[in-house]
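Here the structure is a predicted model, which is why all the values come from computation and not from measurement. Numbers restart at 1 for each chain; the letters A, B, ... are given by sequence-line order, proteins then strands.
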Amino acid sequence: MTLYERIYFVIRQIPHGKVATYGQIARIVGACSPRMVGYALAALQSGSDTPWQRVINSQGKISLRIDEIENNLQQLLLEAEGVTFDEKGKTDLQQFGWEGVTWEWLNKHNMLNYEN
DNA sequence: CTGATGACGGTGC
DNA sequence: GGCACCGCCATCA
């Protein structure tokens, strides 16, 4: 199982209507750097079953490349799930932030070898 | 094997 | 709040 696959696996645990940050995903899978998460998502191709739209940066903002179409799509998908954005495109992590996985979940999937 | 390529985060100014 | 660094390393050509 590659690091990318672990990252996608964790992202699929994010519930509907919640969002997680890159750093949060990184800590869960044990990636030394949050960049790995971003890189994994960048390598993701459209048509994947991974809810990539629920992953945003630590400031609660959508952080995509210079692709406005995909950028708007991400916000659209999240708003369809009930996540709201302010006029600056920021979402309230206190309200919509994901709590993360449980210790039991990590143990169940043998991810304790990597961190936590 | 080597080098290029990246959806970030924290810190300091 | 914004900006410039720096750390970070799996994947691919």
Starting from the C-alpha separation in whole Å, work towards a yes-or-no answer on side chain to side chain contact (heavy atoms under 4.5 Å, CB included) for A/Trp52 and A/Leu77. CA-CA 10 Å; A/Trp52 52 271; A/Leu77 288 169; 4.2 Å; yes
Expressed in angstrom and rounded to an integer, what is the separation of A/Leu3 atom CG from B/dC8 atom C1'? 14 Å
First encountered from the 5' end of DNA chain B, between A/Thr21 and A/Tyr39: A/Tyr39
I need the CG-P distance between A/Leu41 and B/dC8, as an integer number of Å. 9 Å
Within-4.5 Å side-chain heavy-atom neighbours: A/Trp98 and A/Ile28: yes
With a cut-off of less than 4.0 Å, is there a side-chain N or O of A/Ser63 near OP1 or OP2 of B/dC8? yes
Send over the distance from A/Leu44 CG to B/dG6 C1', rounded to a whole Å. 14 Å
Out of B/dC8, B/dG10, B/dG6, minimum distance to the side chain of A/Ser58 belongs to B/dG10
Would a single hydrophobic cluster contain both A/Ile25 and A/Trp105, if residues Ile, Leu, Val, Met, Phe, Trp and Tyr are joined by side-chain heavy-atom contacts under 4.5 Å? yes
Counted 5' to 3', the first and last nucleotides of DNA chain C within 4.0 Å (strictly under) of a heavy-atom of chain A are C/dG1 to C/dT11
Find the distance A/Ile28:CD1 to B/dG9:P and express it as a whole number of Å. 13 Å
Crowded around A/Glu104 CD? As in, over 12 foreign heavy atoms under 6.0 Å? yes
Within this structure, what is the CZ-to-P distance between A/Arg35 and B/dC8, rounded to whole angstrom? 7 Å
Is there a chain of hydrophobic side chains (I, L, V, M, F, W, Y, each step under 4.5 Å between heavy atoms) that links A/Leu44 to A/Leu76? no
Less than 4.5 Å apart, side chain to side chain, heavy atoms only: is that true for A/Glu81 and A/Lys18? no
I need the CZ-P distance between A/Arg27 and B/dG9, as an integer number of Å. 10 Å
